[in-house]
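Numbers here are sequence positions counted from 1. All values below were derived from every heavy atom in this structure, side-chain atoms included, with hydrogens, water molecules and symmetry-related copies excluded.
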Amino acid sequence: MNVTAVSIKKFVLSLLLCLGVISCLQAQEFRFTTSVSNNRVALDEPFQIQFMLENAPNVTSFTPPSFNDFEILQGPSQMQGQSIMNGRRSEYIALIYVIQPRRVGNFTIAGATARSNGNVVRSNPVTIEVVKANRGAYQQAPQQSAPQSGFPPSRSQRQQQQDEMEGVLRNGEDVNAKLRKNIFVKVDVDKTTLYEGEQLTATYKLYTRLPTNSSVTKVPAFKGFSAKDIELPNPPQASEEIVNGQRFKVFTIRKTLLFPLQSGTLELDPVEVDNHVKLVKLVKNGNNKKARDPFADLFNDPGFKDPFDDPFFDDFFNRPEVTYEDVPYKVQTAPLKVTVKPLPVDNRPLSFTGAVGKFNMTATIDKKNLTTDDALTLKVVVSGQGNVNLLNGPKVEIPAAFEKYDPKVTDNIEKNSNPLSGSRQFEYALMPLEAGDQTIPAVEFSYFDVASNSYKSIRSEPFSVHVTPGKQTKRDKEDFSVNRNTITSNYNGVLNWVKDSRFLLASPLFYILLLIPVLLLVVALVYRRRLNYQQNNAAFLKHRYANKVALKRLELAARYLKEGKDKAFYEETSRAIWGYLSNKLHVPFADLSKQLIQDKLTRQQVSVQYTTQLFDLLDDCEMALYTPMHNNDKMQGTYQQAVTVISHLEDELQRAKSVV
């Protein structure tokens, strides 16, 4: 009787279980799939393979395929959860392996097998193409995304790191401490004490042991320096350095050649880098603890054994869950101070114009014989290593027999040279004013040699020039010396005075004389009207003159603006403003500094508002030179701001001059 009751209960429970399974299968679609992160990989590139069971009832076992041609780097990792789409609830279990190919070729990875509800099911196979490794193609750039699957390091790195994976955030581990330990940025300089005008090389580096997507959000202004960036490879190439016994990937994010424009203690502002670090987070799964089966206690029948008593579930489903977390992390360099010494005053040559480094100088003329209708070109070329981009033209003494024009300056700077190398050419156009033999004095150029801590001078030979009269020369002055004048003979005959013209009323001269008063009246009216306009609009006309000065100074910058050359535009705008200040304040270009300019403008009672606008404009130009973003609207705004600043300064300086 008892046996019969137990059999009936078993039958009823089995029937209910089958009905539940059937209803589940009708509501949810079962799927068992295989997917990979990339079907085409390099020989040394890890990739992810995932086996996913969706809506699988009563999974009792899982068998992965054979990875004969691949090496298992990590796994299996387990992910499980549920999703609801269009009102339909779906549950999934995923097994994830990270593997790496052993050789080149095309390989097919067979599907995995699992037992679900007593039936053996198999996932789909996948095909992988393995190509030869291209080392340069897989180096991680700090401004590009890290691998999306959080792959572990390559084989050589794994040997160095042994079993430790820095990209994995373990349970209870402090995220901030991990980030501080494994990501930082610093600046290296080749010297901390130097002379004014001497080159300083600053290199900004990002050190990381974690997969990160990085971007520079704040660049230094380099106040007190003239800066020239060295072009870096794009994407950046990683190198390796050992820091405190740990191996870091190092990315050079900026390398700049700096030339101090003033003496004293100068500070390199910090660089800020935003990082989005992708961490693999291991979380213990507490939802898979097995509950005690009341049916087993009730019936104590082997036929009702809990299928989840299988050792497979002890080994697999109680593994930690793997999740991925993007953690924002901002780092910046520590401020760095350098000491800039002034150049020695003792034994400074009169021909010194601010050159620091090691230079050569050549001076040539294009012709030795010419006429007063021709122009002579004096070409001076300064070449070498040092502050080539800041060189001023040598002082050229020109005889009064020539008219000298402003030189044409041409730069030829070697790209990415360190120390900065190249040449700057100055072409002087000379126009002879009178004929004769003339001598152009020797050209002298001086520079400060840091290696020998002394000034050195280079001197060319003088130039002899023979000038002959041209077709458009001025008539020589008449010579009234002895025996140079001729007296004409007197005419002693009677002169015949004969009227050979018409009456005045019939001649055109009469009407011309008649119109002269009318024309004079019109001219007087126009002049008086113009004079009244000038008196009533004196301020406007004065500002219009100032605008002409500004537009003339910024003529080359306007051309770069039209051509869309942003870097050349900002360089020329900055150079035009500094040149204007040097000319107006009578300060040599090499001696200019913001403090000196502020003192000079304050002494001439220039409004603080215009001084602030000037320094803001200079800072904007310096910042734009190092921000890798093309913005034509911003360039147009900077140009208008430069015109306004120069115009206001011109007005203020003219006003101060008139008061004095």
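Judged by distance alone, the side chain of Ser421 and the main-chain N or O of Pro419 form a donor-acceptor pair under 3.5 Å. With hydrogens and angles disregarded, a donor-acceptor distance shorter than 3.5 Å links the side chain of Ser582 to the backbone of Val587.
Not counting sequence neighbours, Asp366 has no partner by the salt bridge (Lys or Arg N to Asp or Glu O under 4.0 Å) test. For Lys415, the salt bridge (Lys or Arg N to Asp or Glu O under 4.0 Å) partners two or more places apart in sequence, or in a different chain, are Glu231.
The pair Lys255-Asp229 does not count as a salt bridge, with every side-chain nitrogen at least 4.0 angstrom from each carboxylate oxygen. At a threshold of 4.0 Å, the pair Lys223-Glu622 does not count as salt-bridged, since none of the basic side-chain nitrogens sits closer than that to a carboxylate oxygen. Between Glu650 and Lys584, at least one side-chain N (NZ, or NE/NH1/NH2) sits under 4.0 Å from a carboxylate O, which counts as a salt bridge.
Under the 6.0 Å cut-off for aromatic ring centres, Tyr570 and Tyr560 do not qualify, their centroids lying 6.0 Å or more apart.
Residue Asn418 holds its CG atom at 12.0 Å from NZ of Lys228, rounded to the nearest 0.5 Å. To the nearest 0.5 Å, atoms CZ (Arg424) and CG (Asn387) are separated by 9.5 Å.
Closest non-hydrogen pair, Val273 versus Ser214, comes out as CG1-CB, 3.9 Å.
Looking only at side-chain heavy atoms (C-beta outward), Leu420 and Phe259 come within less than 4.5 Å of each other.
With a 6.0 Å radius and a threshold of 12 heavy atoms from other residues, nucleotides or ligands, Lys594 has its NZ atom above the threshold.
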